[in-house]
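As structure tokens, the structure follows; a few thoughts come after it.
In listed order, ligands and their atoms are each counted from 1.
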Amino acid sequence: HGAVIALRHRVTHIDCRPGRFTLTVEGPDQPFQLRAERLINAAGLGAVPLTGLMDGLPEKHRPEQRFAKGHYFKLRGKPPAERLIYPLPDADGLGVHLTLDLAGGARFGPDVEWAERPDYRVDESRRESFEQAVRRYWPGLPAGALQPDYAGVRPKLWLDGKPYRDFLIQGQGEHGIDGLVNLLGIESPGLTAALALAERLEESA
Ligand SMILES: Cc1cc2nc3c(=O)[nH]c(=O)nc-3n(C[C@H](O)[C@H](O)[C@H](O)COP(=O)(O)OP(=O)(O)OC[C@H]3O[C@@H](n4cnc5c(N)ncnc54)[C@H](O)[C@@H]3O)c2cc1C
């Protein structure tokens, strides 16, 4: 469909005029400018920082973003079930649940650790809290069966010192700039929701 993907390039400034956007882009070569009539900011963890680089977007449309790191531990041995198992959600996330991967392996996660910056290490000392969380719905978890696996970071929006909503879609109706859509706080389940989000953007285009 004529799309171009620019890997290893970073947008460092955006001049926002309704229906006319000028982006400054830096990469391995000389910086250059891109012009567009429409701009969709779907920069994940970078989406809120990107609003800070938009000249012309009023300050009140830039929410605060914090990083919620989530760890996963994988199970050594046979999974206890053939389906996913979810505990009741806690205040900041879905809770440590059981997921099965395509190879038939089982992993548990994610938990929530508020972080200053994205960091993808998995600290082994969290094993005990994972064991406690898992034994709430699988008391038979064998000792020592959980191994550190991987971590991810969710972009959480905050307002007035507390967690605010997720999936904040700001279009012209919110900020008044024709042609600009900001997708902010697209955390879990942003992957599952990607096609629905795309349909919604197409309808509003
Ligand atoms: C621990 C964890 C568990 C999750 N579990 C699930 C799940 O079970 N199901 C589910 O559906 N979703 C899940 N999610 C959420 C899902 O991963 C995200 O919602 C989804 O990846 C967001 O996609 P995106 O395209 O909006 O952002 P991203 O995939 O983050 O893509 C944004 C892109 O923008 C680029 N970018 C940022 N800033 C700039 C800039 N200034 N210039 C140029 N490029 C820039 C980044 O490099 C990146 O490539 C989970 C997330 C985490 C962290």
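Annotation: atom 31 (O) of ligand 1 to nearest protein heavy atom, A42 O, 4.2 Å. The closest protein non-hydrogen atom to atom 21 (O) of ligand 1 is L191 CD1, 4.8 Å. Atom 30 (O) of ligand 1 has as its closest protein heavy atom G44 CA, 3.6 Å.
A side-chain N or O of H13 and one of D55 form a donor-acceptor pair less than 3.5 Å apart.
Any N or O atom pair closer than 3.5 Å counts here, and E187 shares at least one such pair with ligand 1. Below 3.5 Å of separation, one finds an N or O of T192 facing an N or O of ligand 1. Residue contacts with ligand 1: I186 is placed with a nitrogen or oxygen under 3.5 Å of a nitrogen or oxygen of the ligand (distance criterion only).
In summary, the aromatic rings of F73 and F108 are positioned with their centroids too far apart to meet the 6.0 Å limit.
In this structure, atom 47 (O) of ligand 1 has its sub-4.0 angstrom surroundings free of protein heavy atoms. Atom 9 (N) of ligand 1 lies below 4.0 Å from at least one non-hydrogen atom of the protein. Distance remark: protein heavy atom present below 4.0 angstrom from atom 14 (N) of ligand 1. Taking a distance limit of 4.0 Å, we find that atom 17 (O) of ligand 1 is approached by no protein heavy atom.
Every residue two or more places apart in sequence or in another chain that forms a side-chain contact (heavy atoms from CB on, under 4.5 Å) with E26 is listed here: T12, P31.
The closest approach between K69 and ligand 1 stays at or above 4.0 Å for every heavy atom of the residue.
Classification of the W114-W158 ring pair by plane angle, with boundaries at 30° and 60°, yields perpendicular.
Of the candidates A47, P49, A6, A43, the one placing a heavy atom closest to atom 35 (C) of ligand 1 is A43.
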